[in-house]
Amino acid sequence: MSWIYLILAGIFEIGWPLGFKLASNGSKVWIVFSIISMGLSGLFLYLAQKNIPISIAYIVWTGIGGLGTALIGIMVFNDNVSFLKIMFLSFIFIGLVGIKIVS
């Protein structure tokens, strides 16, 4: 169950920068979305760390958040993309999978 909490924490970690980006268009609803995402991200990280070492939990949490945010930027907001960018994002993904395998 702790890994499910950690994945949820990572997903909500994606939510707050997404909300900030959407709020830059003037809608304050997205600021509320960001604040709720931050709170839920922290809550699920707290729950996950009860059974997962902090070193692993923090790396996975930030990795999911960073990778997910980068992919949303590329797919939704037309952030620039290159072979090298995809390669390095792949390294993050491989690292996350590897950490789960060895944990």
Side-chain angles (χ1 to χ4, degrees):
M1 191 67 182
S2 293
W3 281 96
I4 292 171
Y5 289 149
L6 189 54
I7 291 168
L8 287 171
I11 291 169
F12 283 110
E13 185 69 5
I14 297 166
W16 68 266
L18 173 62
F20 285 158
K21 177 69 173 176
L22 294 171
S24 67
N25 293 332
S27 175
K28 302 301 181 206
V29 171
W30 293 109
I31 295 293
V32 174
F33 174 82
S34 291
I35 292 167
I36 291 169
S37 290
M38 283 180 205
L40 289 172
S41 179
L43 172 65
F44 284 117
L45 178 62
Y46 163 75
L47 294 171
Q49 287 183 20
K50 289 183 175 185
N51 295 309
I52 299 172
I54 189 171
S55 59
I56 301 299
Y58 187 75
I59 290 169
V60 172
W61 178 59
T62 58
I64 292 170
L67 184 60
T69 301
L71 292 175
I72 287 174
I74 291 168
M75 294 185 300
V76 177
F77 297 105
N78 297 317
D79 288 358
N80 66 351
V81 64
S82 67
F83 171 77
L84 289 176
K85 189 172 192 176
I86 296 300
M87 182 180 75
F88 290 122
L89 289 172
S90 298
F91 290 163
I92 294 171
F93 179 76
I94 291 166
L96 292 173
V97 171
I99 285 176
K100 171 58 177 136
I101 289 171
V102 300
S103 294

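Just the heavy atoms: all of them, side chains too, but no hydrogens, waters or symmetry mates, feed the values below.
- Using a 4.5 Å cut-off on side-chain heavy atoms (C-beta onward), I64 and L96 make contact.
- Of the possible donor and acceptor atoms, one in the side chain of K85 sits under 3.5 Å from a partner among the backbone N and O of N80.
- For the pair G15 and S34, the tightest heavy-atom approach, listed with the atom from each and the gap, is O-OG, 4.4 Å.
- Distance check, rounded to the nearest 0.5 Å: CZ of F12 to CZ of F44 gives 5.5 Å.
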query: Between T69 and L18, is a side-chain contact (heavy atoms from CB on, under 4.5 Å) present by the stated rule, with each step listed?
result: CA-CA 7 Å; T69 301; L18 173 62; over 6 Å; no

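- In this structure, CG in L67 is found 10.0 Å from CD1 in I72, a value given to the nearest 0.5 Å.
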- request: Applying side-chain contact (heavy atoms from CB on, under 4.5 Å), run through F20 and I31 and close with a yes or a no.
  value: CA-CA 6 Å; F20 285 158; I31 295 293; 4.0 Å; yes

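- Hydrophobic clustering (ILVMFWY, side-chain heavy atoms < 4.5 Å, transitive): V76 and L22 are in one cluster.
- With S27 contributing its side chain and A23 its backbone, the two residues share no donor-acceptor pair below 3.5 Å.
- With T62 contributing its side chain and I59 its backbone, the two residues share a donor-acceptor pair below 3.5 Å.
- The number of heavy atoms from other shown groups lying within 6.0 Å of CZ (F83) does not exceed 12.
- In the hydrophobic clustering of ILVMFWY residues, with side-chain heavy atoms under 4.5 Å counting as a link, L84 and F91 come out together.
- Within 6.0 Å of CG on L43 lie more than 12 heavy atoms contributed by other residues, nucleotides or ligands.
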- request: Walk me through it: do V60 and W3 pass the test side-chain contact (heavy atoms from CB on, under 4.5 Å)?
  value: CA-CA 10 Å; V60 172; W3 281 96; 4.1 Å; yes

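- Hydrophobic cluster membership differs between I94 and I56, with clusters built from Ile, Leu, Val, Met, Phe, Trp and Tyr side chains linked at under 4.5 angstrom.
- To the nearest 0.5 Å, atom CD of residue Q49 and atom OG of residue S55 are 9.5 Å apart.
- A pairwise comparison of heavy atoms in I14 and G68 identifies CD1-CA, 3.5 Å as the closest pair.
- Taking the side chain as every heavy atom from C-beta outward, I35 and W16 never approach each other to under 4.5 Å.
- Annotation for Y46: atom OH does not count as buried by contact number, only 12 or fewer foreign heavy atoms lying within 6.0 Å.
- Interatomic distance, L6 CG to I11 CD1, rounded to the nearest 0.5 Å: 10.0 Å.
- Partner of W61 under the side chain to side chain contact (heavy atoms under 4.5 Å, CB included) criterion, chosen from I7, I52, L45: L45.
- Note: the hydrophobic cluster containing F77 also contains I74 (ILVMFWY, side chain heavy atoms under 4.5 Å, direct or indirect links).
- Formation of a donor-acceptor pair under 3.5 Å by the S41 side chain with backbone atoms of S37 is not found in this model.
- Under the 4.5 Å side-chain contact rule for hydrophobic residues, I99 and I4 do not share a cluster.
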task: Starting from the C-alpha separation in whole Å, work towards a yes-or-no answer on side-chain contact (heavy atoms from CB on, under 4.5 Å) for L47 and L8.
output: CA-CA 10 Å; L47 294 171; L8 287 171; over 6 Å; no

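- The environment of OH in Y58 is sparse: at most 12 heavy-atom neighbours from other residues, nucleotides or ligands sit within 6.0 Å.
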